[in-house]
Amino acid sequence: LGVRCRGFCVVETSLISEFDLVHLGPGCVVCEGARLRPAVLEDGILTIRRVRLGAGTFVGEGSVVLCGGATDESVQLAALSLLSGRESQLPRGSSWQGSPLQALGNTFRGEPPVFRKTYLCAAKFLLADLVALALTGLVLLSASLSFYAS
């Protein structure tokens, strides 16, 4: 149970409701503060539909993807944007911003830069883990030395 991620994905948000209905393609990046909402209550009517993000999709900080929101591959959704299920599936390699969504044009040529950002995010997390491990080792070493010295 949970968000279905195919391949390597970076999800920096915890604001995902009804996570069983969220599907992420390989290489997706969902930034901090982004909301993925497969269920929406409007005018007393509960609407539940899947949220599908294609391979290499980038969802910016503070963006909201509502029920039925879908993207093709390598789509970039800028920060503070709203993708609702009322829009059709966003086309491959396009960039969007705002609420309501406005196209920024096709920005990806060849391999999307999202994959490079994904690897940078993974390297950042790996570096943070290595630093934490080194600091833990230093603390244990200093505690051991002070214990044996006394």
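As a basis for the values below, the full set of heavy atoms in this structure was taken, side chains included, without hydrogen atoms, waters or symmetry mates.
Here S63 pairs with V59, L77, S81 under the side-chain contact (heavy atoms from CB on, under 4.5 Å) rule; sequence neighbours left out. Q102 meets the side-chain contact (heavy atoms from CB on, under 4.5 Å) test with no other residue; sequence neighbours excluded. The side-chain contact (heavy atoms from CB on, under 4.5 Å) search around L82 returns V64, L66, S99, not counting sequence neighbours. By the side chain to side chain donor-acceptor pair (under 3.5 Å) test, Q89 pairs with no residue at all, sequence neighbours left out. A search for side chain to side chain donor-acceptor pair (under 3.5 Å) contacts involving T71 returns T57, not counting sequence neighbours. For A39, the side-chain contact (heavy atoms from CB on, under 4.5 Å) partners are E18, L46, I48, not counting sequence neighbours.
Identified under the salt bridge (Lys or Arg N to Asp or Glu O under 4.0 Å) test for residues 134-150, with sequence neighbours left out: none. For residues 39-50, every residue pair satisfying the salt bridge (Lys or Arg N to Asp or Glu O under 4.0 Å) rule, not counting sequence neighbours, is listed here: E42-R86.
In terms of modelled atom types and a separation under 3.5 Å, the side chain of D20 and the main chain of G2 share a donor-acceptor contact.
The hydrophobic cluster containing L80, built from Ile/Leu/Val/Met/Phe/Trp/Tyr side-chain heavy atoms closer than 4.5 Å, comprises no other residue.
Contact of the V3 side chain with the V11 side chain is not registered, since no non-hydrogen atoms from C-beta on lie closer than 4.5 Å.
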Can you give the donor-acceptor pairs under 3.5 Å from side chains of residues 140-147 to other protein atoms, not counting sequence neighbours?
| unit_1 | atom_1 | unit_2 | atom_2 | d |
| --- | --- | --- | --- | --- |
| S142 | OG | L138 | O | 3.2 |
| S142 | OG | V139 | O | 2.9 |
| S144 | OG | L140 | O | 2.9 |
| S146 | OG | S142 | O | 3.2 |
| S146 | OG | A143 | O | 2.9 |

